[in-house]
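Below is one structure, written out as structure tokens, with a few remarks after it.
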Amino acid sequence: MTPTLMLYGREYCGLCLTMREQLLPLASDHGFVLQWVDIDDDDALEALYGELVPVLATINGEEICHYHLDAQALDDWLAKIR
């Protein structure tokens, strides 16, 4: 099963767009699915993450990193699940 990661952010957030651009090539290289979620479309997510975005998390809600891509944290998570 291909692992899925969630990227919570906002369309107008520069940090969010940068992290998404950084993650897209990594998703294909490392074999995971990246799902983008605009938190402004969901009141509960907006309340949960607020100004913390972008947040990279597992599908189960485990946070991997926020604000900036932490490549080491991502590598550690990928190693843990394989």
Side-chain angles (χ1 to χ4, degrees):
M1 183 172 170
T2 304
T4 299
L5 292 176
M6 310 299 289
L7 179 58
Y8 298 102
R10 293 183 167 97
E11 286 296 336
Y12 60 83
C13 166
L15 289 176
C16 303
L17 300 178
T18 297
M19 189 184 289
R20 184 168 59 182
E21 289 173 8
Q22 292 172 325
L23 284 166
L24 287 175
L26 294 176
S28 61
D29 291 349
H30 294 283
F32 62 88
V33 173
L34 181 65
Q35 289 189 352
W36 165 259
V37 178
D38 188 333
I39 67 166
D40 287 333
D41 294 336
D42 185 310
D43 291 341
L45 291 175
E46 204 286 328
L48 178 64
Y49 294 120
E51 299 301 319
L52 195 64
V53 293
V55 175
L56 179 63
T58 68
I59 199 162
N60 297 323
E62 176 187 354
E63 182 181 318
I64 296 173
C65 60
H66 63 269
Y67 294 142
H68 301 281
L69 178 60
D70 183 338
Q72 185 61 57
L74 177 59
D75 287 345
D76 291 348
W77 181 80
L78 289 168
K80 185 172 67 175
I81 63 161
R82 293 195 169 132

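Along the sequence shown, residues carry numbers from 1. Side chains included, hydrogens not; waters and symmetry mates left out as well; all remaining heavy atoms used.
- Hydrophobic clustering (ILVMFWY, side-chain heavy atoms < 4.5 Å, transitive): L15 and L69 are in distinct clusters.
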Check residues 74-82 and write down every donor-acceptor pair under 3.5 Å in which the side-chain atom is one partner and the other belongs to a residue at least two apart or another chain.
from : atom 1 : to  : atom 2 : distance (Å)
D76  : OD1    : Q72 : NE2    : 2.7
K80  : NZ     : E62 : OE2    : 3.1
R82  : NH1    : H30 : O      : 3.0
R82  : NH2    : H30 : O      : 2.7
R82  : NH2    : G31 : O      : 3.2

Does I39 form a side-chain contact (heavy atoms from CB on, under 4.5 Å) with V53? I'd like the steps, not just the answer.
CA-CA 9 Å; I39 67 166; V53 293; 3.6 Å; yes
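- Both L56 and W36 are assigned to one and the same hydrophobic cluster, defined by single-linkage of ILVMFWY side chains at heavy-atom distances under 4.5 Å.
- One distance of note links CG of L52 with CD of E63; it measures 5.5 Å at 0.5 Å rounding.
- For residues 13-38, the pairs satisfying salt bridge (charged side-chain N to carboxylate O under 4.0 Å, His left out) are E11-R20, with sequence neighbours left out.
- Under the side chain to side chain contact (heavy atoms under 4.5 Å, CB included) criterion, T4 pairs with M6, V33, Q35, I59, not counting sequence neighbours.
- With sequence neighbours excluded, no residue forms a ring-ring contact (aromatic ring centres under 6.0 Å, His included) with F32.
- For D41, the CG atom is densely surrounded, since the number of other residues' heavy atoms within 6.0 Å is greater than 12.
- Take D40 and apply the side chain to side chain donor-acceptor pair (under 3.5 Å) test, not counting sequence neighbours, and it matches R10.
- The two residues C16 and G9 make their nearest non-hydrogen contact at SG-CA, 3.6 Å.
- Applying the ring pair (Phe, Tyr, Trp, His ring centres under 6.0 Å) rule to pairs touching residues 39-75 yields Y8-Y49, sequence neighbours excluded.
- With sequence neighbours excluded, the residues forming a side chain to side chain contact (heavy atoms under 4.5 Å, CB included) with A73 are I64, D70, listed by chain and number.
- Within the model, atoms CE of M19 and CG of L34 stand 10.0 Å from one another, a figure rounded to the nearest 0.5 Å.
- If you chain together hydrophobic residues whose side chains sit under 4.5 Å apart, V37 and L5 never meet in one group.
- Annotation: salt bridge (charged side-chain N to carboxylate O under 4.0 Å, His left out) contacts involving residues 49-59, sequence neighbours excluded, are absent.
- Atom CG in L7 sits 8.5 Å away from atom SG in C65 (nearest 0.5 Å).
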